[in-house]
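A short worksheet on the structure shown next.
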Number of protein chains: 2
Amino acid sequence: MSHAFRHRDILEIARKNGKVTVEGLAQHFGVTLQTIRRDLSDLAEEGRLERVHGGAMLPSSTSNIGYEQRRVLNAKAKAAMAKSCANRIPNNISLFLNIGTSTEAVARELRNHRNLLVVTNNMNVANILAETQECEVVVTGGNLRRADGGLVGKLATETILQFKFDLAIIGCSALDEDGDLLDFDIQEIGVSQTILQQSRRTFLVADASKLKRSAPARIASLSEVDTLFTDAPLPDPLPRKCAEWKTDVVVTSGAGQTAL
Amino acid sequence: MSHAFRHRDILEIARKNGKVTVEGLAQHFGVTLQTIRRDLSDLAEEGRLERVHGGAMLPSSTSNIGYEQRRVLNAKAKAAMAKSCANRIPNNISLFLNIGTSTEAVARELRNHRNLLVVTNNMNVANILAETQECEVVVTGGNLRRADGGLVGKLATETILQFKFDLAIIGCSALDEDGDLLDFDIQEIGVSQTILQQSRRTFLVADASKLKRSAPARIASLSEVDTLFTDAPLPDPLPRKCAEWKTDVVVTSGAGQTAL
DNA sequence: GAGGTTTTTTTCGTTTTTGTTCGTTTTTCT
DNA sequence: AGAAAAACGAACAAAAACGAAAAAAACCTC
């Protein structure tokens with residue numbers, strides 16, 4: 001029996017049960033574990049299944065496409081990045097957090113900081129920080145973008161212009177090999193650029209997946225960023241450029257260690 | 001079996017029951033307590049659950065679902081008021097919703113309206129309307145007031161000045177026998193007054209409990225309101241005054257009927 | 001049926017996950 | 001308040017799962 005048949009059946013079983021196990025499938029088809037592993041890897045690569053330890057699950061796109069999916073996507077690495085980022089954020093300062101699941105993770109880690117003034121154009125960040133008592137939260141105005149809870153547009157930009165931040169924590173959609181920060185949404189570009197302009201220091205939080213993507217609009221260059229937090233070593237031209245630009249790079253392995 | 005499978009099921013159980021226990025889950029999955037603890041820690045780290053001694057709960061503020069559920073208590077009268085208010089709101093207009101549980105109830109009833117431009121300084125209203133696709137939501141900037149999710153201060157006022165609304169739906173902390181709208185928070189006064197000034201028509205939503213309270217700051221007079229929605233007949237001097245002012249009064253009994 | 005290709009199995013070192021133990025913290029009982 | 005019980009997290013060991021690569025089997029085509 002060729003893998004094509006198995007693939008079809010595996011998907012069917014997965015759709016019925018919501019999940020499949022390597023062991024179970026091996027038994028079901030009377031083949032080796034390794035064979036099933038290869039099948040699942042193939043299916044995962046095609047995006048038809050989501051590989052997990054011990055088996056595979058239906059890709060979450062079935063239920064909640066987009067934001068939720070991105071949020072869960074390597075959440076652990078993001079949490080680690082966020083932790084090491086939060087560790088370098090002192091108390092008693094003003095800071096900005098923009099749109100993005102990574103900055104939301106940072107917000108979660110900031111709940112125990114004291115006396116911060118946090119300005120954000122991200123509804124989720126505001127919701128997260130509403131829990132704590134220890135910091136003042138200011139929300140910029142703007143048009144609500146349902147996809148990610150972002151507040152965008154003229155109103156957002158104008159509000160930001162009224163502040164001067166000690167620190168800006170930003171995310172981006174992509175990061176290319178020239179060290180340019182890119183974004184999908186033209187509207188968000190203006191907001192991000194205004195933030196950079198209004199803040200004394202800048203932290204960029206971007207997980208490794210951002211390095212494999214591209215996006216149409218350019219926000220800024222890494223040279224304008226003080227510290228980059230990421231979860232895997234940078235590909236080749238970038239480490240040298242960052243050194244040149246004096247941009248610190250903090251790589252956080254999944255477990256939470258920090259290295260230069 | 002991998003943690004990925006358990007995580008999904010744990011969240012499902014948590015959403016159904018509102019909480020999960022370490023012991024219960026360990027038994028359910030046939031694994032050690034320690035394993036479940038690790039799972040719960042992971043989920044808490046991702047912000048998907050809130051860890052508590054002995055188990056975990058749905059995160060309190062983040063989740064729209066949890067919030068929705070918590071608001072059900074004593075909301076019957078409010079929902080009735082909100083329904084009859086929403087019935088008098090046409091489609092295709094711009095409107096403002098300010099702070100208050102009553103206006104939140106109205107927001108909930110507006111989810112099936114079409115082509116509205118809703119501006120609000122209430123995070124909860126924004127969260128509620130984020131669910132629907134049918135209307136544009138604009139959030140004013142402002143300082144986040146944790147007690148009620150309100151956005152207040154100079155930023156809020158300034159944003160509102162940039163709009164002109166077809167209709168404003170407002171709440172208030174108290175309503176006295178002179179027909180004056182009162183509020184506890186001085187900051188909110190400025191916002192409310194600005195709203196009245198910028199809108200062509202005004203609906204006030206105030207349940208009967210507001211009539212028994214007092215508050216220090218005066219927002220405006222009922223004479224400036226076009227329609228008052230409430231859930232019990234007004235005490236004595238007010239019906240006459242309202243008639244004089246040409247302020248409509250819509251009294252909704254708990255069951256949902258509408259009377260003049 | 002020989003030769004080449006594809007697929008599967010086998011093997012093995014590595015990584016991930018789970019279980020166990022133990023000292024500490026939190027909760028509950030008195 | 002103080003003691004007992006329950007829950008917790010860290011650390012380490014055991015078990016399970018993993019991926020890569022070589023060997024074997026199955027399947028072509030000529």
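Keep in mind the model is a prediction, meaning the values are calculated, not measured. Reckoned from all heavy atoms, side chains included, excluding hydrogens, waters and symmetry mates. Residue numbers start from 1 in every chain, and the chains themselves are labelled A, B, ... in the order their sequence lines are given, proteins ahead of strands.
With rounding to whole Å, B:Phe5 atom CZ is found 12 Å from D:dA17 atom C1'. In this structure, CG of A:Asp42 is placed 14 Å from P of D:dC18, rounded to the nearest angstrom. Atom CG of B:Leu33 and atom P of D:dA10 are 16 Å apart (whole Å). One interatomic measurement links the two molecules: CD of A:Glu23 to P of D:dA16, which rounds to 9 Å at whole-angstrom precision. To the nearest angstrom, C1' of D:dG19 lies 7 Å from CD of A:Gln34. Summarising the geometry, the separation between NE2 on B:His53 and P on D:dG9 is reported as 9 Å, rounded to the nearest angstrom. For B:Leu25 and D:dC8, the CG to C1' distance is 16 Å, given to the nearest whole Å. Rounded to an integer number of Å, the gap from A:Asp39 CG to C:dT8 P is 7 Å.
Close to C:dT8, at under 4.0 Å from its OP1 or OP2, lies a side-chain N or O of A:Arg38. Listed pair B:Thr35 / C:dG19 meets the phosphate criterion, a side-chain N or O lying under 4.0 Å from OP1 or OP2.
Checking each of B:Asn124, B:Asn122, B:Thr120 against B:Thr103 for a side chain to side chain contact (heavy atoms under 4.5 Å, CB included) leaves exactly one that passes, namely B:Asn122. With A:Ile219 as the fixed residue, the side chain to side chain contact (heavy atoms under 4.5 Å, CB included) test singles out one of A:Leu181, A:Ile195, A:Leu204, A:Val191: A:Leu181.
Side-chain atoms of A:Arg37 lie closest to D:dC18 of the nucleotides D:dC8, D:dC18, C:dT18. Each of D:dG19, D:dG9, C:dT8 was ranked by its minimum atom distance to the side chain of B:Arg51; first place goes to D:dG9. Set against C:dG19, C:dT8, D:dG9, the side chain of B:Val31 has C:dG19 as its closest nucleotide.
If you check the side chains of B:Asp207 and B:Ser209, you find a donor sitting under 3.5 Å from an acceptor.
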Donor-acceptor contacts under 3.5 Å from residues 21-39 of chain B side chains, at least two apart:
unit_1, atom_1, unit_2, atom_2, d
B:Thr21, OG1, B:Gly24, N, 2.9
B:Gln34, OE1, B:Arg37, NH1, 3.3
B:Asp39, OD1, B:Arg6, NH2, 3.2
B:Asp39, OD1, B:His7, NE2, 3.2
B:Asp39, OD2, B:Arg6, NE, 2.5
B:Asp39, OD2, B:Arg6, NH2, 3.2

